[in-house]
Amino acid sequence: MLTIDKTVNRYRKKDFGFTMALASPKSRTSVRTIPMNNEVRKMLLKEKMRNAGPTMSIPFVDDSGNIRRQVSDIVFANSVGRVWNEPGFLNLINRIIESYNEEAEENGKEKLENFCPHMARHTYTTLAYSAGADVKAVSEILGHASTSVTIDTYAHLTEEKKRKQEEVIKTIKVL
């Protein structure tokens, strides 16, 4: 099981730039424990071992912005031991995509489109829904307060699901 009970937030410093801190998630339903398969477990343990060196501590702040304690032992740290932040992570993804696309163009392969980590939530939800996963369970895994958010925002119909729905519609008879 994987427990999600903190978020990494960027805070604007008064005189310059941003600082990073851990905080509580944005809502009560965002705090959750979700199932994790063995492949994900192995990858997380591998990442933790890869980052076994010292990491910089990061403050944990309460809802009023007061520092409560320092947290170290961060699993997802960058090459200098700092916690990843969204701009840095997006920059890394963009560099990987650019490098891949340069090579793809040279070799006549299909290029990658832009990607952001949030797209993984949409992909997961769509695939889970298409595989027949319970909508309530998926909604809780995503930390949503209601299933309507999950269905309306994240559950995109796949082409296969659309074909199945067309077959269902064909079987409906009006007397």
Using side-chain heavy atoms (C-beta onward) and a distance below 4.5 Å, is [X] in contact with [Y]?
X: Trp84; Y: Leu92; result: yes
X: Leu22; Y: Val8; result: yes
X: Asn66; Y: Arg68; result: yes
X: Arg121; Y: Leu142; result: yes
X: Ser24; Y: Asp5; result: no

For [X] and [Y], work out which heavy atoms get closest and say how close.
X: Ile58; Y: Val83; answer: CD1-CG1, 3.4 Å
X: Val138; Y: Ala128; answer: CG2-CB, 3.9 Å
X: Leu90; Y: Pro117; answer: CD2-CD, 3.5 Å
X: Gly143; Y: Thr29; answer: O-OG1, 3.1 Å
X: His122; Y: Thr153; answer: CE1-O, 3.3 Å

Residue list, ring-ring contact (aromatic ring centres under 6.0 Å, His included) with Phe60, at least two apart or on another chain: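 If we apply the ring-ring contact (aromatic ring centres under 6.0 Å, His included) test to Phe60, skipping adjacent residues, there are no hits.
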Tabulate below the donor-acceptor pairs under 3.5 Å that side-chain atoms of residues 30-41 make, not counting sequence neighbours, or state none.
from: Ser30; atom 1: OG; to: Ser27; atom 2: OG; distance (Å): 3.0
from: Arg32; atom 1: NE; to: Ile141; atom 2: O; distance (Å): 2.6
from: Arg32; atom 1: NH1; to: Ser30; atom 2: O; distance (Å): 2.4
from: Thr33; atom 1: OG1; to: Thr3; atom 2: OG1; distance (Å): 3.3
from: Asn37; atom 1: OD1; to: Glu39; atom 2: N; distance (Å): 3.1
from: Asn37; atom 1: OD1; to: Val40; atom 2: N; distance (Å): 2.8

Salt bridge (charged side-chain N to carboxylate O under 4.0 Å, His left out) contacts touching residues 74-84 (sequence neighbours left out):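 Pairs touching residues 74-84 that pass the test: none.
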Over 12 foreign heavy atoms within 6.0 Å of CG, Asn107: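 Above 12, so yes.
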Qualifying residues under side chain to side chain donor-acceptor pair (under 3.5 Å), relative to Glu105, sequence neighbours excluded: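 Applying side chain to side chain donor-acceptor pair (under 3.5 Å) to Glu105 gives Lys111.
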Counterpart residues, side-chain contact (heavy atoms from CB on, under 4.5 Å), relative to Met119 (two or more places apart):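 Partners of Met119 under the side-chain contact (heavy atoms from CB on, under 4.5 Å) test: Phe115, Cys116.
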Listed partners of Gln70 passing side-chain contact (heavy atoms from CB on, under 4.5 Å), at least two apart: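 Here the qualifying residues are Ser57, Pro59, Ile67.
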